[in-house]
Number of protein chains: 2
Amino acid sequence: MVTMRDVAERANVSIATVSFVINGTKRVAPETRARIEAAIEELDYRRNVVARALASSRTRILALLHPDLEARPNATVIQFVMSAAHGARERGYDLVLWPVNDDEQMSHLLAGGLVDGALLMEVQIRDSRVDRLVASRVPFALIGRTENDDLPYVDIDFATTIDEAVGHLRSFGHERIALVTQRTKAGPGDEPGRIMRAEAAYLDATSALGRPPAVIPVEGTSAGGREAARTLHDGFPDATAVILVNEGASAGLVKGSRALGRSIPDDLSIISASTTRELGEMIEPSLTVMAAPAPQLGRLAADALIDQLEGVQEAPPHLLIPCTLVPGQSVGPPPQARRH
Amino acid sequence: MVTMRDVAERANVSIATVSFVINGTKRVAPETRARIEAAIEELDYRRNVVARALASSRTRILALLHPDLEARPNATVIQFVMSAAHGARERGYDLVLWPVNDDEQMSHLLAGGLVDGALLMEVQIRDSRVDRLVASRVPFALIGRTENDDLPYVDIDFATTIDEAVGHLRSFGHERIALVTQRTKAGPGDEPGRIMRAEAAYLDATSALGRPPAVIPVEGTSAGGREAARTLHDGFPDATAVILVNEGASAGLVKGSRALGRSIPDDLSIISASTTRELGEMIEPSLTVMAAPAPQLGRLAADALIDQLEGVQEAPPHLLIPCTLVPGQSVGPPPQARRH
DNA sequence: CTGAAAGCGCTTACAG
DNA sequence: CTGAAAGCGCTTACAG
């Protein structure tokens, strides 16, 4: 292994000077710099990142803390992960994946000094992991939000997203609109913020319509989607449209509704919010979706955290981005409107 | 920050002894050990992983090298990633995500000394990244295989998988079976091994049937799937069944075939090989799939690599696991058979 | 069974 | 503009 010492000897300088040119931390005479750069080139030298980390007490490694899902993570989660990894790499940082469900284990990992900062996914309204993070003194950024809006975060703007979805349906004449959400093992209050915020926005919008709300929480699976179709059919027969905030149940809702003899969109219009375009294309009829800005958000989260680590920024970042409407073939006028 | 020195002072021993009990590297008198453990507990000491890495020249970090996909990685890829991260963590290793397409950049990262070993995904028959990996002297395991079978790998057994798929279709009476593969930007020969191996197994099986082969390479997207439906319809009208080795095109093939007036499975039977159960459930009618052993393979790859690093193993690991048939509703008897 | 000491390969005040 | 030296927090022969 070629070390900085080898380079220094070959260039006839001290290792300090080599360090200065590699890091650009001090001005070095042009001729000296040239000699050093030549030596680096000739020896094919690469600075050891571990030694650098120890000496500078900066590892340039970030952790991505995510629940260790027995269930399959959905496509949106993946886009977060990949774009965060990419964004980090582009700025010279590495991203380690920490699949942890246990607060204790998380604190342990954080205390090991491997990472300079952490990104936390699947943040809940009340989230003990966030308390641990704060206590660990490791800088972080949340992907999602808690009740406490002061912490640095990056999140989907669910209020705007749901408003737009409702507006889209209303423009077709729908007034009775149901909401399918995701059931969590956690009790009420500990659910992911997206569920609570989407629900709040939905309640707002339906109260404006003067119609009683219809909220149906199911599992994020095909079976959950079919269950939602049944509940909708039996419990809310007057609903002419439904908005999903449950990626995994989307396909099941469509299949389940059709199995119950309801044609889409003739009998029922469907919008799946906070998901991917690809999902919409896979389903028949093509689903109208609100595409999540996951690819941007992952990178933004990484950038926000790195800015914080490098002292580039002023205030803690608070970024909210709504989903984008991607029309498919699952939304049309409600049955009454078509009859007239 | 509390260091090993703090612990040593509090327990009245040298830091060497503290190191011995933490790592279990040397026997220590029970009373001494107890004093040290108490001190660790009281000070809530956590060994610094960076210092340990530098001193022991073992970072306990693994890299997961994967292409930096502009396109969305499919569900199977994700399962690999997540299970590899989980498997690594369980053995005390961290997994960093390295989205790299450029060989040069890969070598650079490898030379930095951050990782003890690497896992390489999306391996191609001829793969310059593998040559770089070998040259870098960093231990590795492949997820997939090159031509050179001597290197350590973990892979899906495509030959067996395709054989089973063909067998399943033949048991329903199909004789004319087409294969839809994935088109790659790389030239022939540089495609992912799974395509070549699946194709070879398919050619074998169809030659046994005495029928000319029908191989249709398309993009791994919904549009690609629809294109495959058209090609199949126009170019191979006598085919009564099709096997996909193209996860992303599965839904499009179903939608496209139905759009062309072909009922599934009445007019055309479909099996999607090397994908997830979830994909099968999402599609209407439910797709018969060969579920990829991705959740196991990711972990096995991590285990194989770690065994290698820790000198636990004898020979380089060569693990092949076939996909599992999960019957859906997309396979039935061919039209001729039903007519009789 | 325990300790003193060298060393891992860098960065960074501090001098000059 | 450059260098000598301390130090980052550990591990690991080597002695005793």
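Chain A is the first sequence line, chain B the second, and so forth, proteins listed ahead of strands; every chain is numbered from 1.
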Tell me, which of residues 30-38 of chain A have any heavy atom that sits under 4.0 Å from an atom in DNA chain C? none
Which comes earlier along DNA chain C counting from the 5' end, the contact point of Ala29(B) or that of Arg5(A), where each point is its nearest nucleotide? Ala29(B)
List in chain and number order the residues that pass salt bridge (charged side-chain N to carboxylate O under 4.0 Å, His left out) with Arg132(A), two or more places apart in sequence or in another chain; answer none if no residue qualifies. Glu104(A)
Residues at least two apart in sequence or cross-chain that pass salt bridge (charged side-chain N to carboxylate O under 4.0 Å, His left out) with Arg299(B), listed by chain then number, are Glu90(B)
How is Val50(A) classified with respect to the nucleic acid when contacts are heavy atoms under 4.0 Å: base, sugar-phosphate, or nothing? nothing
Identify, with sequence neighbours excluded, every residue that meets side-chain hydrogen bond (donor to acceptor under 3.5 Å, both in side chains) alongside [X].
X: Arg46(A); result: none
X: Asp94(A); result: Arg89(A), Trp98(B)
X: Tyr93(A); result: Arg58(A), Glu310(A)
X: Ser128(A); result: Asp103(A)

According to side-chain contact (heavy atoms from CB on, under 4.5 Å), who are the partners of Ile40(A), at least two apart in sequence or on a separate chain? Val7(A), Ile22(A), Ile36(A), Tyr45(A)
So if I define the base as every atom that isn't primed, P, OP1 or OP2, how would nucleotides 11-16 of chain D read as a B/S/- string at a heavy-atom cutoff under 4.0 Å? BB-B--
Here DNA chain D, pairs taken as Watson-Crick or G-U under 3.5 Å and shown with ( ), [ ] when crossing and | when to another strand, reads |||.||||||||.|||
Sequence neighbours excluded, the answer for ring pair (Phe, Tyr, Trp, His ring centres under 6.0 Å) partners of Tyr153(A) is His318(A)
Just N and O in the side chain of Tyr45(B): are any of them under 4.0 Å from OP1 or OP2 of dC10(D)? yes
Quick one: which residue pairs count as a salt bridge (Lys or Arg N to Asp or Glu O under 4.0 Å) with a foot in residues 7-22 of chain B, not counting sequence neighbours? Arg10(B)-Glu42(B)
